[in-house]
Structure formats: structure tokens, C-alpha cells
K.L.:
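Mind looking over this structure? Questions follow.
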Amino acid sequence: MDLLTSLLLALVLLGALTWTIRRRLATPPSLRNLPGPKSPSWLKGNTQQLMGRHSNEWNKQTAETYGPLSRLTGPFARTWLNVYDPKALYSIAIKDQDIWLKNAAAANVRLLGPGLLTTQGAQHRKQRKMLTPVFSTAYLRGITSVFYDTTHKLRDGLIADIGATDSKEVDVLKWMGRAALELLGQGALGYSFDPLVGDTTNDFAEAVKSFFAALNALSVFRLVAMPFLLLGGKLPSRVHGMLIDAIPSRRVQRVKHIVRTMRQRSVEIVAEKRAALAKGDASTVRQVDEGKDIMSILLQANMAASEKEKLSDEELTAQISTFILAGMDTTSNATARLLHLLSLHPDIQKKLRDEILEAQAGEEVSYDRLNELPYLDSVCRETLRLYGPVRTLARRAMEDTVLPLHEPVRGTDGTWLTEVAVPKGTVAILNLWACNTNKAVWGEDAHEWRPERFLAPLPRSVEAARIPGVYANLMSFHGGSRSCIGFKYAQLELKVVLAVLLANFTFEPSARDKDVVWNNAGVAYPSVGRDSKKPELPLKVSPPPRA
Ligand SMILES: *[C@@H]1O[C@H](CO)[C@@H](O)[C@H](O)[C@H]1NC(C)=O
Ligand SMILES: *[C@@H]1O[C@H](CO)[C@@H](O)[C@H](O)[C@H]1NC(C)=O
């Protein structure tokens with residue numbers, strides 16, 4: 001072959017390759033007609049705008065400009081969908097849930113083990129079936145007193161923090177973080193991470209607290225290494241472990257260390273509980289009978305289950321990090337958000353305190369009574385509607401499918417679309433927040449925090465939309481079989497914390513309040529100043545005015 005032929009051949013090959021790549025990357029024809037924002041970057045698409053720390057305004061503008069089903073650009077110019085149409089969300093979460101799967105599941109199993117957050121298909125269904133009764137009202141009622149015990153420690157810790165002063169600026173987020181972890185420890189695991197006095201350290205607590213930050217520090221690396229990690233999902237764990245050990249990156253090694261610590265401590269917790277149950281250890285058995293911690297209840301249910309339904313040890317262990325990671329940052333930041341809002345709305349804070357004090361009459365408010373308090377419920381709902389800690393989720397279509405729409409969307413060619421054909425491989429961003437703040441559904445004041453809206457009948461458009469969320473027409477806890485299994489647990493936690501804290505303190509904005517911003521990350525968090533990434537929320541805390 002002479003030089004010219006080789007050159008020509010090379011050119012042809014290169015052309016074919018470029019053509020194939022471009023074809024793969026080009027927007028599929030059925031999605032081309034969808035409106036959507038321009039992409040500022042080939043590498044990152046709209047992902048920074050959508051998920052960056054200060055993305056609320058962009059997200060709101062984009063949702064309102066392009067409507068409930070629009071086109072976004074993902075990394076490497078891939079076409080993504082931005083979805084907040086309730087009927088389309090219903091398809092993804094419920095009707096076609098076996099088509100719309102989580103991204104990167106194999107890599108996540110490596111990180112967290114085969115728990116409820118990471119498994120798919122039949123394995124997920126089996127776990128969900130075993131766990132659903134464990135999170136039911138019957139057991140939560142029993143857990144309420146555990147929540148009170150821990151929240152009283154939180155109250156005493158705060159009282160000690162304020163000391164003899166009349167009021168003090170306190171980092172409320174830090175306290176909510178400690179309390180959330182201990183509430184999970186006590187309520188979900190029957191384990192104490194933190195006595196909530198002074199400063200303590202615990203390697204397990206440190207590991208879970210730094211998990212997401214350590215993972216985020218990897219983000220660029222992850223983008224590049226994702227194929228490797230995914231491939232790694234198919235390797236035997238020993239080989240995979242050796243490969244990870246060999247990666248010369250401090251950040252990777254840190255994640256590895258955290259993951260191994262969590263796994264090891266989880267194995268220990270399961271083993272201790274199992275040994276105690278097998279011995280018929282009186283206190284553990286009593287804890288289960290009284291429904292005092294989720295993990296003991298789960299172990300007992302698992303022992304009683306048929307062989308086919310039983311979860312393996314690996315699956316049981318994996319639930320521990322799952323519970324903690326799913327329940328810690330979300331509830332700590334949500335309670336902090338609630339207290340921040342109450343500090344900015346003293347009239348609402350007072351009204352809520354009055355309702356709580358009246359119900360209390362010197363005693364703890366029982367589980368049922370707590371859930372009957374209308375204003376407390378409205379404040380929690382409204383906060384979770386507008387400020388749910390998780391704002392978006394992602395799913396990938398594993399087959400060609402169709403997304404039907406509740407309201408037609410205007411295509412770029414001017415025609416109205418009532419459904420959209422979605423090719424296999426398409427990623428959809430489930431825009432939970434945009435659904436919760438959709439003016440067409442919630443009314444013109446959808447972006448206002450107004451708890452009163454839940455005291456009056458909701459607009460008819462709310463019911464008509466048939467929003468597939470598990471909770472109160474909201475998408476905050478998602479819907480279907482991947483909805484947050486702990487949504488009642490989380491609400492109980494919010495309510496107990498509010499009941500105890502409002503009875504004993506007044507919350508006011510601190511002198512630095514004008515600089516407080518809420519940032520988006522996997523979970524929304526407060527910081528002081530737009531440039532600061534340090535999660536903190538200073539509030540002025542004082543004993544409540546004596547009536
Ligand atoms: C709040 O959320 C942020 C971001 O996800 C997280 O880093 C932090 O640990 C969370 N909780 C607390 C108490 O800081
Ligand atoms: C907290 O508030 C309750 C209800 O007002 C009150 O009975 C209790 O004494 C307070 N506790 C402390 C430690 O101040």
C-alpha cells in the first residue's frame with residue numbers, strides 16, 4: 001500500500017468515526033422539537049447552571065420559560081430532559097418505573113453496598129417489601145419517645161451553649177447536624193454517635209459526616225473515571241479493591257477510607273444486634289417489642305421471613321449507611337431551614353409556639369397528637385414544598401419509551417405536543433422543586449413561603465394534576481417504589497425537634513443574617529456569604545418570652 005492509499009484510508013476511517021460520534025451525540029429527532037436553553041459548554045452542558053451552588057434563579061427561569069418538559073444539555077453535548085410535568089413524572093416514577101432507572105447504579109453499589117438507595121429491579125422490590133412495614137406508623141409511634149429523649153439532650157446542649165447570657169449567636173446548623181445524626185443513631189440503629197454534650201469524636205460519625213464532601217471533591221475525577229468505576233462494578237471485589245488501592249490520589253484514598261469505615265462499623269452493629277437477639281437478650285427484645293429502633297425491627301422481621309424473602313447479611317449491612325446518608329444531611333439542613341424561616345417570620349413562630357404549648361400542657365405531645373396539630377403540619381409541609389432539601393433526581397431510559405403530558409408543551413416549530421417519544425439512553429432530570437412551585441398548579445404565589453395555604457382548601461388544579469409524590473401532593477420525597485421510605489420518620493423528627501425547641505427558645509436572625517445564602521448541592525445548605533462553602537447558620541437564640 002502506498003502512502004497516498006494509507007492516507008486516504010485513514011481519512012475515511014476518521015470521517016466515519018466522527019460521523020458516528022456526531023450521530024450519537026446529535027439530539028434524537030423526537031426531542032429536537034422540544035424547547036430548551038442554550039448550552040454554554042460542550043464539556044459540561046447546562047449541568048453547572050442546573051446544579052451549581054447558586055442555581056435557583058436559573059432553574060426557576062428555565063422552568064418558567066421552557067415549560068414542564070424541556071430539553072437540556074448534559075455533559076459532552078448529550079441531550080437531557082428537564083421534567084416537572086406531573087403526568088410525565090407519574091410515568092417515570094410509577095407506571096414505567098422499570099424503564100426509568102437510576103444512573104451509575106453499579107458504581108454506587110460499590111460505594112454503599114446493595115442497599116435500598118442503590119439496588120434496582122427485583123432486588124430493590126424485595127428490600128422495599130421487607131422495609132416498608134418497618135417504617136410504618138405502628139413502629140414510629142414507639143420511636144417517638146426515643147426522639148424526645150434525644151431532642152431533650154439537644155435542648156440541654158443548646159441551653160449550656162447559650163449559658164447565662166440572655167441570648168447568643170449560635171450555629172444552629174451545627175446543632176441540627178449533631179442532633180440529626182444522633183436521632184438516626186438512636187431511632188434507626190439503636191446506637192449512640194454523640195452524647196450531645198461538649199465536643200466528642202467518633203470515627204463512624206466522622207466517616208458518615210464527611211462522605212458527601214469527600215465524594216464531591218472527586219467530581220472532576222469522577223467524570224473521567226466513571227467508565228472505569230462502572231466497569232469496576234463487574235470485577236470481583238478483591239480485584240476492584242486492589243485497583244482502588246493502587247490509585248495514587250489522596251482524594252480517592254479518602255473516599256475509600258470512609259467507605260471502609262462505614263462498612264466495618266455497620267457489620268459490627270448488625271453482628272451485635274443479631275447476637276443479642278439470638279441470646280434473647282432482654283433489653284434488645286424489649287426494644288424490638290416497643291419498636292425502639294428500625295434496625296432491630298428489621299433484623300427480627302428478617303429472621304421471621306421465608307428464605308425467598310430474606311435479605312442477605314450484605315444487604316442488611318448496606319441499609320445502615322443507606323439510612324444514615326439518606327437521613328442525615330437532609331433532615332439537619334431541613335430543620336435548620338425551618339428555624340431560619342421562623343426567625344424571619346416572628347408572627348408565624350409565635351403562632352406555632354402557642355399551638356405547641358397549648359398541646360403540651362406540661363407533657364410530651366404524643367405521636368398522634370403531634371400529627372394532629374394543624375399549624376405545625378402546615379409549616380412543615382410548606383417548608384418541604386418550597387425548600388425540600390433534594391431538588392432534582394436523575395433517571396435514564398433503558399428502552400425507547402413515551403412521556404405523556406398533563407399540559408401540552410409548545411414545540412419549537414409552534415405545534416403543541418401532548419406526548420414525546422424518548423429514545424433509549426436519554427437522561428431525564430426530575431425537577432422535584434419545579435413541580436412543587438409550578439404556578440399553573442399551586443397558583444401565582446407558588447414561590448412564596450406561606451404555611452396558611454395548607455389550612456385552606458388547595459386550588460383545584462392541585463388535585464387535577466395528580467402529582468405522583470408520596471406526600472401531600474409534593475414531589476419532595478419523590479413517588480412510587482423509589483420514594484423516600486423514611487418520609488414519615490423525617491416528618492416526625494421535624495415535628496419533635498420543633499415542639500421541643502420552640503417551647504424552650506426564641507429564634508431571631510443574627511447580625512450576619514443578610515449574608516446568609518442557601519446553596520444547592522446534593523442537599524441545599526446555608527452558608528454565610530455567597531463565596532463561602534462552609535455550611536453554617538448563625539441565629540440569635542434566647543429563652544422564649546415569658547407569657
Ligand atoms: C447540610 O448539607 C451540606 C451539603 O450537602 C452538608 O455538607 C452538611 O453536612 C449538611 N448538614 C450539616 C449539619 O452541616
Ligand atoms: C422547656 O419548656 C417547657 C414548656 O414550656 C418547660 O416546662 C420546661 O421547663 C423547659 N425546660 C427548660 C430546661 O427550660
Side-chain angles (χ1 to χ4, degrees), residues 51-55 148-149 151-164 166-167 170-185 193-194 196-197 199 205-217 219 258 324-340 350 352-365 387-392 490 493-494 496-507 516-528 532-539 541-547:
M51 296 170 199
R53 278 201 297 140
H54 307 296
S55 56
Y148 272 114
D149 291 347
T151 310
H152 288 153
K153 287 188 200 149
L154 163 69
R155 175 193 64 201
D156 297 342
L158 260 173
I159 288 176
D161 189 347
I162 297 173
D166 281 344
S167 78
V170 170
D171 180 2
V172 166
L173 182 66
K174 189 185 95 192
W175 279 105
M176 293 308 117
R178 290 180 72 170
L181 183 58
E182 184 61 3
L183 282 162
L184 272 167
F193 285 103
D194 180 348
L196 294 171
V197 287
D199 283 322
E206 290 315 307
V208 294
K209 278 195 275 188
S210 44
F211 177 78
F212 286 115
L215 208 60
N216 275 339
S219 58
I258 290 172
I324 298 175
L325 294 175
M328 184 181 57
D329 287 354
T330 46
T331 46
S332 62
N333 283 290
T335 35
R337 172 73 88 158
L338 249 164
L339 294 174
H340 189 206
K350 176 167 185 313
L352 187 55
R353 176 178 301 111
D354 290 347
E355 185 185 73
I356 288 165
L357 288 177
E358 196 190 317
Q360 242 172 10
E363 302 170 38
E364 281 170 9
V365 189
Y387 302 113
V390 178
R391 307 165 70 93
T392 55
E493 186 174 330
L494 283 182
V496 168
V497 170
L498 278 186
V500 172
L501 293 190
L502 285 187
N504 292 97
F505 306 99
T506 300
F507 297 88
V516 169
V517 273
W518 283 81
N519 307 272
N520 284 325
V523 168
Y525 71 93
S527 67
V528 179
S532 168
K533 281 193 188 171
K534 179 179 167 231
E536 63 175 323
L537 176 66
L539 287 183
V541 185
S542 46
R546 291 284 153 225

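Atoms considered below: every heavy atom in the structure, side chains included; atoms not considered: hydrogens, waters and symmetry mates. Note that the structure is predicted; figures quoted are calculated from it, not measured. For ligands, and for the atoms within them, numbers begin at 1 and follow the listed sequence. Numbers for residues simply follow the sequence, beginning at 1.
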K.L.:
Taking all non-hydrogen atoms of both residues, which atom of Phe193 and which atom of Ile324 are closest, and how far apart?
P.N.:
CZ-CD1, 3.7 Å

K.L.:
For atom 4 (C) of ligand 1, what's the nearest protein heavy atom and its distance?
P.N.:
Tyr525 CD2, 3.3 Å

K.L.:
Using heavy atoms and a threshold below 4.0 Å, how should the contact between Val523 and ligand 1 be classified: side chain, backbone, both, or neither?
P.N.:
both

K.L.:
Is Ser332 in polar range of ligand 1, meaning some N or O pair under 3.5 Å apart?
P.N.:
yes

K.L.:
So, for Pro538 and Val516, which heavy atoms are closest and what is the spacing to 0.1 Å?
P.N.:
CD-CG2, 4.2 Å

K.L.:
Considering distance alone, does some N or O of Asn504 sit under 3.5 Å from an N or O of ligand 2?
P.N.:
yes

K.L.:
Without swapping roles, check the side chain of Tyr148 against the backbone of Val365 for a donor-acceptor pair under 3.5 Å.
P.N.:
yes

K.L.:
For ligand 2, which atoms, with element, lie under 4.0 Å from some heavy atom of Ile159?
P.N.:
13 (C)

K.L.:
Output the list of atoms in ligand 1 that are nearer than 4.0 Å to some heavy atom of Leu173, sorted by atom number.
P.N.:
12 (C), 13 (C), 14 (O)

K.L.:
Counting from 1, what ligand 2 atoms have a heavy atom of Gln360 closer than 4.0 Å?
P.N.:
4 (C)

K.L.:
Could you check whether any side-chain N or O of Asn519 sits under 3.5 Å from a backbone N or O of Tyr525, counting only pairs where one atom can act as donor and the other as acceptor?
P.N.:
yes

K.L.:
Donor-acceptor pair, distance only, cut-off 3.5 Å: does the side chain of Ser532 make one with the backbone of Ser527?
P.N.:
no

K.L.:
For Val497, does its backbone N or O pair with a side-chain atom of Arg155 as donor and acceptor, under 3.5 Å?
P.N.:
no

K.L.:
Which of the atoms in ligand 1, numbered in the order shown and given with their element, are less than 4.0 Å from a heavy-atom of Gly177?
P.N.:
13 (C)

K.L.:
Hey, which atoms in ligand 1 end up nearer than 4.0 Å to a heavy atom of Pro535?
P.N.:
7 (O), 14 (O)

K.L.:
Judging by distance only, is a nitrogen or oxygen of Asn333 under 3.5 angstrom from one on ligand 1?
P.N.:
yes

K.L.:
Specify the closest pair of heavy atoms between Pro526 and Trp518, including all atoms of both residues, with the distance to one decimal.
P.N.:
CD-CZ3, 3.4 Å

K.L.:
Give me the residue, atom name and distance of the protein heavy atom closest to atom 6 (C) of ligand 1.
P.N.:
Asp329 OD2, 3.7 Å

K.L.:
Between Asp354 and Lys350, does any NZ, NE, NH1 or NH2 come within less than 4.0 Å of an OD or OE carboxylate oxygen?
P.N.:
yes

K.L.:
Please verify whether a non-hydrogen atom of Leu357 lies at under 4.0 Å from ligand 2.
P.N.:
yes

